[in-house]
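For reference, the structure is listed below as structure tokens.
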Amino acid sequence: MKGKIAFEEHMAIAETLEDTRSFAGDSGRWDDYVRQILDVGSERLETMDRTGIEYAIQSLNAPGVQGILDTREAIRVARKANDKLAEATIRHPRRFGAFAALPMQDPEAAAAELTRCVKELGFKGALVNGFTQKDVPDSAIYYDIPEYRPFWATVAELDVPFYLHPRMQIPAQARNYAGHPWLMSAPWGFAVETSIHALRLCGCGVFDDYPKLKIVIGHLGENIPFGLWRIDARMRFSRRGYRGKRPLGEYFLDNFVVTTSGNFNDPAFRCTLEVMGADKVFFSADYPFERMEDAADWYDATSVISEADRRKIGRENAIRLFKLNLD
Ligand code: GRE
Ligand code: ZN
């Protein structure tokens with residue numbers, strides 16, 4: 001399919017490049033990662049051309065700004081990354097958009113940076129890599145706590161999506177992964193970490209305060225669509241500490257949308273689609289951690305969807321969500 005839109009597509013700047021090294025692992029791909037993740041120009045555009053991806057919203061790699069302990073440094077790196085993202089969109093406005101990296105260490109600074117990016121630079125929203133560390137390595141701040149309500153007010157006011165992207169749990173808090181580093185990362189731990197964060201947001205009442213908030217999660221919903229029925233079923237018996245006014249599943253269906261990033265699999269796609277509906281599922285690749293070719297070859301050929309839904313999920317839903325003017 002030509003004209004696809006993708007929006008879990010990553011770049012890096014010098015300060016965050018090393019974050020990616022552990023994911024290159026022993027695959028011998030480090031040199032490719034470096035070249036591909038630093039390039040927001042010709043190689044990326046050529047691969048997009050080849051795979052029928054017309055437009056990509058780019059974002060900083062993980063954990064990026066969320067892994068920086070010093071708040072002033074986090075603010076500096078976020079601005080620098082966003083300025084580089086902006087440059088690419090100015091050079092190729094019909095091919096690239098951008099999601100803001102945000103210094104969540106300081107919710108007020110994060111709201112100010114998002115406002116700058118959206119109002120002055122035309123960004124399409126934010127992409128944040130899970131919880132934020134702050135001051136000490138053994139820290140993990142989640143955004144359901146009351147300190148972030150004014151930040152969420154700004155996101156709602158700007159009316160832009162917030163992409164909650166995975167990061168790895170920090171080793172000091174991850175005794176259940178001890179001895180199994182592979183388990184903490186993209187094969188499983190990313191989804192565990194991100195789904196818990198997403199469910200915390202559902203359970204904190206933020207969607208009662210700001211019902212129009214749109215949160216995006218990748219990888220076909222980080223396993224939540226598969227588990228959604230059981231969450232509400234069990235919460236009939238105990239909802240201790242749950243602060244939402246409505247059943248959790250209603251928030252998930254009203255306030256979340258999901259992408260196909262890095263999960264190019266028919267059975268999982270079928271489940272996600274059936275739970276979410278075709279208006280809330282979006283194509284994405286997760287470049288350069290995934291090959292655009294793998295994302296597109298699967299998506300273009302999957303028989304799970306009709307041709308009309310292929311256009312919707314591959315393109316039209318994103319035009320509507322991000323108010324794009326591509327035609
Ligand atoms: C991602 O961005 O989703 C990602 C990484 C690193 C490894 C795998 C992966 O940041 O999917
Ligand atoms: Zn990603």
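Both ligands and their constituent atoms are indexed starting at 1 by order of listing. This chain uses plain numbering: 1 for the first residue, then up along the sequence.
Those atoms of ligand 1 with a heavy atom of H10 less than 4.0 angstrom away are 2 (O). Atoms of ligand 1 lying under 4.0 Å from at least one heavy atom of F23, given by number and element, are 6 (C), 7 (C). Residue contact check: H165 has heavy atoms under 4.0 Å from atoms 1 (C), 2 (O), 3 (O) of ligand 1. Counting the atoms of ligand 1 from 1 in the order shown, those under 4.0 Å from a heavy atom of H219 are 3 (O).
With A186, S185, G64 as candidates, the residue nearest to atom 8 (C) of ligand 1 on a non-hydrogen basis is A186. The residue from T20, N61, D286 that puts a heavy atom closest to atom 1 (C) of ligand 1 is D286.
Nearby protein atoms of type N, O or S around the Zn ion (ligand 2) amount to 4 (distance under 2.8 Å).
Aromatic ring orientation, Y299 versus F283: tilted (interplanar angle from 30° to 60°). Using the six-membered ring where Trp is involved, W30 and Y33 have ring planes that are tilted, between 30° and 60° apart.
The structure places OH of Y287 at 14.5 Å from CD of E8, a figure rounded to the nearest 0.5 Å.
M276 has its side chain out of reach of V257: every pair of non-hydrogen atoms, C-beta onward, lies at least 4.5 Å apart. Between Y143 and V128, the closest side-chain pair of non-hydrogen atoms falls below 4.5 Å.
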Problem - Audit row: F207, R246, side-chain contact (heavy atoms from CB on, under 4.5 Å) steps and yes/no - result: CA-CA 10 Å; F207 301 122; R246 301 158 63 204; over 6 Å; no
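Between F190 and F23, a ring centre-to-centre spacing shorter than 6.0 Å is recorded. Ring pair F7/F322: centre-to-centre distance below 6.0 Å.
The shortest separation from a heavy atom of R167 to ligand 1 is not under 4.0 Å, leaving the residue out of contact.
Considering both main-chain and side-chain atoms, E290 never comes within under 3.5 Å of ligand 1 through any nitrogen or oxygen pair.
F99 and M48 are assigned to two separate hydrophobic clusters, defined by single-linkage of ILVMFWY side chains at heavy-atom distances under 4.5 Å.
Sorted by first and then second residue, the salt bridge (Lys or Arg N to Asp or Glu O under 4.0 Å) pairs with a member in residues 212-236 form an empty list; sequence neighbours excluded.
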